[in-house]
Amino acid sequence: MTGRDPGLVGRGREQLALRELLERAVAGRASGLALEGDAGIGKTALSRWLRREAAEAGFTCLDTVGPGEARATPYAALVELLAPLRQRLDELDESGVLAGVLTGGGSATPQLVAATFLRAVAALAEHEPVLVVVDDAQWIDDASAGAIATLARRIEVDRVAVVVASREPLAWWHPTGRQSMVLEGLAEPDAVALLADAAGLTPDSARHCWRLTGGNPLALLALGPHWRGEIGDEPAALPQRLRDALDERLAAAVGAEPALLALALDRTGDESLLRDAVAGWDRMVDAGLDGGVLERLDGRLQFTHPLLRARVLDASSAAERRSVHAALADAAASADVHRQARAWHLAESVTGPDDEVAELLTQAADHYRRSGAPREALVAFRRAADLSVQPDERAARYIDAAEMAWFVGDHPLVDELLDEATDQSDAPAIRGRVAAARGQQQTWLHGPLAGYELLRREADAIERDQPALAAICLGFATFSALVAVRVHLALEVSERALELSIGSDDAFAVLGAHAARGSALILAGRAGEADAFLDPVEQLAVAAGAGGPRPSLVAVAGAPLPRPVTPAAAPVAAAAQPQVVGNTVMQPVPAAPPVLEPVATAEPAAPA
């Protein structure tokens, strides 16, 4: 090549948009932009170019990169964003919330973390403009995504620009109201010019290569130097050629294969852990850096392109991956901060059911759920279920996974996981939990009366053996009746739920029964009687939140309505009332059940 930056050939439109974004930030008109496109399309090249432009303009740059298809632990991306500010956190965040995130010892809610991050960035922007860049954003953890979404949504007159790059549209970016830009393959003239420069191809050969690759810059550069003109028009010929080209690039780091595989499988970004897991780590990393396979970006070791990581994984055997996972789990055993990563590595190192590993992974899933990361919790619960030996435990973990699938809006997966649970066990406790989950589905997807009938039938069936679960089902039945504006039904079943919960040590059952009864009384125009049930709800919610790994769906049945509510306004209030579940707020929209965001709707006040 002759000095041309290949990732930026034909990207004038995108560069102009990004320059304008920086100019708006300098002028105190904060903005954000999502870059979307396939792997290799040039998102990373544009992100790096943007960071260079911003640095030259005096910006403070905060950046992070998604960890790959292995989901990160909660706040992993936020920790990387905050790394350049470690020495200034006392000045930017007197509360210590972000310091707790950095050390892994904080207990703040995701909402508080997001609001504190917003205030810290706004405070930093008073001194110099700030650029926040998130590459491979499709892979960052939910807790960090919530904080970044809050920042992008709430900044207005701050000197801040937020750019996220992703292979696919991000569910958490759209509600921010910020724009998105889809990156397409290079146009034919740009691809021809690129391949003439990089590989010396004739225009005819370059056009043929362009047609096969769709103008993907990485694929063009991978195939171009090896082009001999004999590849036909069949797309099936491309993947093997691309694999061969990537293998040739990986061959420049010969001898570093164990380190490359460990880095590809790593979940922590902690190089000291990788060094403990792989003998000869430093020597292998040097080989990867010298060969252009690895790079250090702001001190972080990573592959020079995501497809190289994908090829390392694709070329490895299952036995090799299990061995490396086992080594990483051993290395993480002494680091308490890496407990969740260790559980995952152990889960990927075993070949069959293992109750000890399943329990560790369940603990990790509970941590993700409490941290506002339902997607990570879903995957962990499901894998824990697969590893469980006892049918009842396996069924319970499938239900946990189904509840997380509901939160992220994957309704077909909810059905699949609940079916798995019922296939494993017909115990009354399992039946009751499945019914509670299916009842909510019925309420939002098929109508509140359908949900009410299902929940009431199941409560009748399990009342004798499982009174607490029956109370939970009736709490949800109350909520369904209120949505249907059948207040008399809500009064009837909420009273029964309360009776069944008396004396129970299940905090979820007691909480649900109290919230359901109080809500029913309010909508019946008996607000004075509701106080006795609603006043203890906050205390009960704290107890339920600390009550172990019981289901997140079973948290509040018919959340208490804002008071006072007049009888005339009751139907509207019932239909619009959010259901509070764990660390999230589920807005009930019967026609289209929502996908939960990791950050609740009610946010702390923005900084002055």
Please check if the side chain of [X] supplies one atom and the backbone of [Y] the other of a donor-acceptor pair under 3.5 Å.
X	Y	value
Ser316	Arg321	no
Asp136	Trp139	no
Asp158	Ala122	no
Trp173	Ala152	no
Thr73	Ala76	no
Ser323	Ala319	no
Glu257	Gly255	yes

- request: Go through Leu78 and Ile140 one step at a time and tell me if the side-chain contact (heavy atoms from CB on, under 4.5 Å) criterion holds.
  value: CA-CA 9 Å; Leu78 191 59; Ile140 68 169; over 6 Å; no

task: Could you list the residues that satisfy side chain to side chain contact (heavy atoms under 4.5 Å, CB included) with Arg207, not counting sequence neighbours?
output: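 So Arg207 forms a side chain to side chain contact (heavy atoms under 4.5 Å, CB included) with Glu188, Val192, Pro203, Asp204, Arg211.
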
- prompt: Asp282: what forms a side chain to side chain contact (heavy atoms under 4.5 Å, CB included) with it, not counting sequence neighbours?
  reply: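 Counting only residues at least two positions away or on another chain, Asp282 forms a side chain to side chain contact (heavy atoms under 4.5 Å, CB included) with Arg275.
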
What is the minimum heavy-atom distance between [X] and [Y], and which atoms define it?
X	Y	answer
Gly292	Thr304	O-OG1, 3.1 Å
Asp93	Ala99	OD2-N, 4.2 Å
Val101	Val79	O-CG2, 3.6 Å
Ala332	His338	CB-CB, 4.0 Å
Ala384	Thr362	CB-OG1, 3.5 Å

Counting heavy atoms not belonging to [X], are there more than 12 under 6.0 Å from its [atom1]?
X	atom1	value
Glu168	CD	yes
Glu156	CD	no
His127	NE2	yes
Glu128	CD	yes

Mind checking the [atom1]-[atom2] spacing from [X] to [Y]? Nearest 0.5 Å is all I need.
X	Y	atom1	atom2	result
Glu53	Glu56	CD	CD	5.5 Å
Leu183	Asp38	CG	CG	10.0 Å
Thr268	His345	OG1	NE2	6.5 Å
Asp141	Tyr75	CG	OH	8.5 Å
Ser31	Arg24	OG	CZ	4.0 Å
Leu261	Asp266	CG	CG	11.0 Å

Side-chain contact test, heavy atoms from C-beta onward, threshold under 4.5 Å: evaluate it for [X] versus [Y] and give yes or no.
X	Y	result
Phe117	Leu151	yes
Met181	Arg13	yes
Leu81	Ile148	yes
Val164	Trp172	yes
Val130	Phe59	no
Ser371	Gln340	no
Arg52	Trp49	yes
Val133	Arg51	yes

field: Evaluation steps, side-chain contact (heavy atoms from CB on, under 4.5 Å), between Trp344 and Val379
entry: CA-CA 10 Å; Trp344 271 114; Val379 178; 3.3 Å; yes

- request: Run the numbers on Glu348 and Arg267 for salt bridge (charged side-chain N to carboxylate O under 4.0 Å, His left out), then give the verdict.
  value: CA-CA 12 Å; Glu348 297 304 323; Arg267 289 174 166 267; 5.7 Å; no

task: In plain terms, say whether Asp286 and Arg283 are close enough for a salt bridge, that is, a side-chain N and a carboxylate O under 4.0 Å apart.
output: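 No, Asp286 and Arg283 are not salt-bridged.
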
query: Going through the distances and angles, do Met404 and Asp410 end up as a side-chain contact (heavy atoms from CB on, under 4.5 Å)?
result: CA-CA 9 Å; Met404 296 298 99; Asp410 193 338; over 6 Å; no

field: Worked check of side-chain contact (heavy atoms from CB on, under 4.5 Å) between Leu328 and Leu274
entry: CA-CA 7 Å; Leu328 289 169; Leu274 289 161; 3.7 Å; yes

query: Passes side-chain hydrogen bond (donor to acceptor under 3.5 Å, both in side chains), Thr44 versus Asp135? Steps please.
result: CA-CA 7 Å; Thr44 297; Asp135 200 4; 2.7 Å; yes

